[in-house]
**Q** 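Starting off with a structure, shown below.
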2 protein chains.
Amino acid sequence: MSDTRPRREQILDSASRLFSERGYHATSMRDLAGELGMQGGSLYAHITGKEELLVEIVSHASRQFDEALFPLRALDMGAEEKLREAMHRHIRVVADNMDSATVFFHEWKHLSPQAYAHVVTWRDTIDRFYRDLVQEGIEEGAFRATLDPRMTAHLILSAVNWAYTWYRPGGPMTPRDVADQYADMLLSGLGVRAGQEGT
Amino acid sequence: MSDTRPRREQILDSASRLFSERGYHATSMRDLAGELGMQGGSLYAHITGKEELLVEIVSHASRQFDEALFPLRALDMGAEEKLREAMHRHIRVVADNMDSATVFFHEWKHLSPQAYAHVVTWRDTIDRFYRDLVQEGIEEGAFRATLDPRMTAHLILSAVNWAYTWYRPGGPMTPRDVADQYADMLLSGLGVRAGQEGT
DNA sequence: CCTACCGATCGGTAGG
DNA sequence: CCTACCGATCGGTAGG
């Protein structure tokens with residue numbers, strides 16, 4: 001009946017920011033409470049414990065990625081365009097959730113074994129999403145047949161994930177700018193001699 | 001006179017592993033001492049404090065990168081080959097120092113302001129190394145003139161740095177295998193239509 | 001390198 | 001949401 005949702009969301013927002021800036025273990029519940037103008041013990045009227053915060057932040061982040069990427073599977077698009085769109089959406093999730101994305105990449109090792117296993121499974125799913133995308137591209141003749149889908153997926157994921165370390169929302173580049181430049185470089189190659197293999 | 005060096009190195013090795021697995025703040029000095037079969041207080045016969053360990057691990061890692069990459073500046077090589085060699089060396093440093101590389105990427109935010117500033121400067125230097133490499137490649141006509149050196153450097157750094165999350169030493173792929181595949185993909189592009197720009 | 005200890009701080013709870 | 005408190009653990013030190 002009582003509207004505790006907004007307060008919970010304030011807590012989660014502050015926790016995301018503090019965990020991303022200082023790390024999970026270096027953030028005390030009193031630090032967090034102070035950000036919200038309350039005493040340490042008062043937090044426990046809204047949450048059951050510190051780890052619940054981490055679990056929710058990580059779950060929320062992985063859900064954002066899922067909701068952005070998985071609908072793409074069903075779309076009837078050329079592989080090049082689909083890769084470009086996937087990278088755009090992926091980078092947009094990172095850009096729109098810089099704090100929780102940072103927590104997601106840095107602090108998931110502190111989850112309980114059960115929640116930890118969830119993240120490992122999730123990572124495999126995202127990996128497979130990009131591997132399948134590459135494989136489809138090869139089969140439809142859009143991507144080079146010599147590509148290793150696993151390594152190609154690693155390369156793509158490197159680009160879109162690493163953005164959490166340098167991207168600054170509000171700067172001159174939108175997520176679409178970044179994705180377009182990355183996709184151009186990945187699809188066409190850096191070299192002027194592109195069209196020939198390797199060295 | 002007394003040979004404390006090896007013991008210090010054992011401590012640093014164990015600290016690298018524990019900090020990478022559990023994080024800096026979640027690793028207690030007693031955890032660390034236990035790994036080495038001693039009591040918590042005994043560590044302080046060899047080190048001055050916990051942060052000294054983090055500073056040394058991070059400094060060591062950045063030095064490894066410097067020593068691997070900077071000599072390349074002077075070498076007279078084509079840009080494509082130099083990029084390939086830089087990526088190989090960069091990935092080799094990550095692969096040979098998985099623990100300290102992980103600590104380097106995840107825990108540097110816990111450094112004191114002074115050591116923190118050092119890392120920020122270092123990051124700029126590495127960034128400039130790759131930007132210059134790209135710029136030279138453009139000038140010598142090996143790389144497309146339409147490339148943005150800054151974004152290209154981000155893409156390259158994404159690939160070589162992100163390897164810390166998935167590479168497994170002792171697995172089927174050597175650092176050279178990874179670097180060669182990445183360099184092939186980056187230089188020649190994923191698309192079969194490479195040679196034309198963008199979409 | 002150990003024993004024994006220090007003050008500080010931690011996450012969390014009781015009772016209101 | 002606060003006050004007051006709990007046991008546990010932290011990094012580090014003294015003295016040997």
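Quick caveat, the model's predicted, so the values are computed rather than measured. Sequence lines set the chain letters: A, B, ... in the order given, protein chains first and strands last, and positions in each chain run from 1.
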**Q** Would you please name every residue forming a side chain to side chain donor-acceptor pair (under 3.5 Å) with B:Y167, sequence neighbours left out?
**A** none
**Q** Check whether NZ of the Lys or CZ of the Arg A:K50 lies under 6.0 Å from the centre of the six-membered ring of A:Y24 and within 45 degrees of that ring's axis.
**A** yes
**Q** Regarding A:R73 and A:D132, does a basic nitrogen lie under 4.0 Å from an acidic carboxylate oxygen?
**A** yes
**Q** Heavy atoms under 4.0 Å is the rule here; annotate nucleotides 8-15 of chain C 5' to 3' with B where the base is hit, S where only the sugar-phosphate is, and - elsewhere.
**A** --SBBB--
**Q** When you look at A:W122 and A:F104, which way does the ring-ring contact (aromatic ring centres under 6.0 Å, His included) test go after all the steps?
**A** CA-CA 12 Å; A:W122 178 87; A:F104 184 70; 5.0 Å; yes
**Q** Go through the structure and list residues passing side chain to side chain donor-acceptor pair (under 3.5 Å) with A:Q181, not counting sequence neighbours.
**A** none
**Q** Rounded to whole angstroms, how far apart are CD on B:Q39 and P on C:dC2?
**A** 5 Å
**Q** Under a cut-off of 3.5 Å for both distances of each Watson-Crick or G-U pair, what dot-bracket string does DNA chain D give, using [ ] for crossing pairs and | for inter-strand pairs?
**A** ||||||||||||||||
**Q** Can you tell me how far P of C:dT3 sits from CG of B:L43, to the nearest Å?
**A** 14 Å
**Q** Please name all residues satisfying side chain to side chain donor-acceptor pair (under 3.5 Å) with A:W108, sequence neighbours left out, ordered by chain then number.
**A** none
**Q** Check this for me: does any side-chain nitrogen of one of A:E52 and A:R8 sit under 4.0 Å from a carboxylate oxygen of the other?
**A** yes
**Q** Less than 3.5 Å apart, which donor and acceptor atoms pair up between the side chains of residues 89-101 of chain B and the rest of the protein, not counting sequence neighbours?
**A**
from: B:R89; atom 1: NE; to: B:E85; atom 2: OE2; distance (Å): 2.8
from: B:R89; atom 1: NH1; to: B:A68; atom 2: O; distance (Å): 2.9
from: B:H90; atom 1: ND1; to: B:Y130; atom 2: OH; distance (Å): 2.9
from: B:H90; atom 1: NE2; to: B:N161; atom 2: OD1; distance (Å): 2.8
from: B:N97; atom 1: ND2; to: B:V93; atom 2: O; distance (Å): 2.7
from: B:D99; atom 1: OD1; to: B:S20; atom 2: OG; distance (Å): 3.0

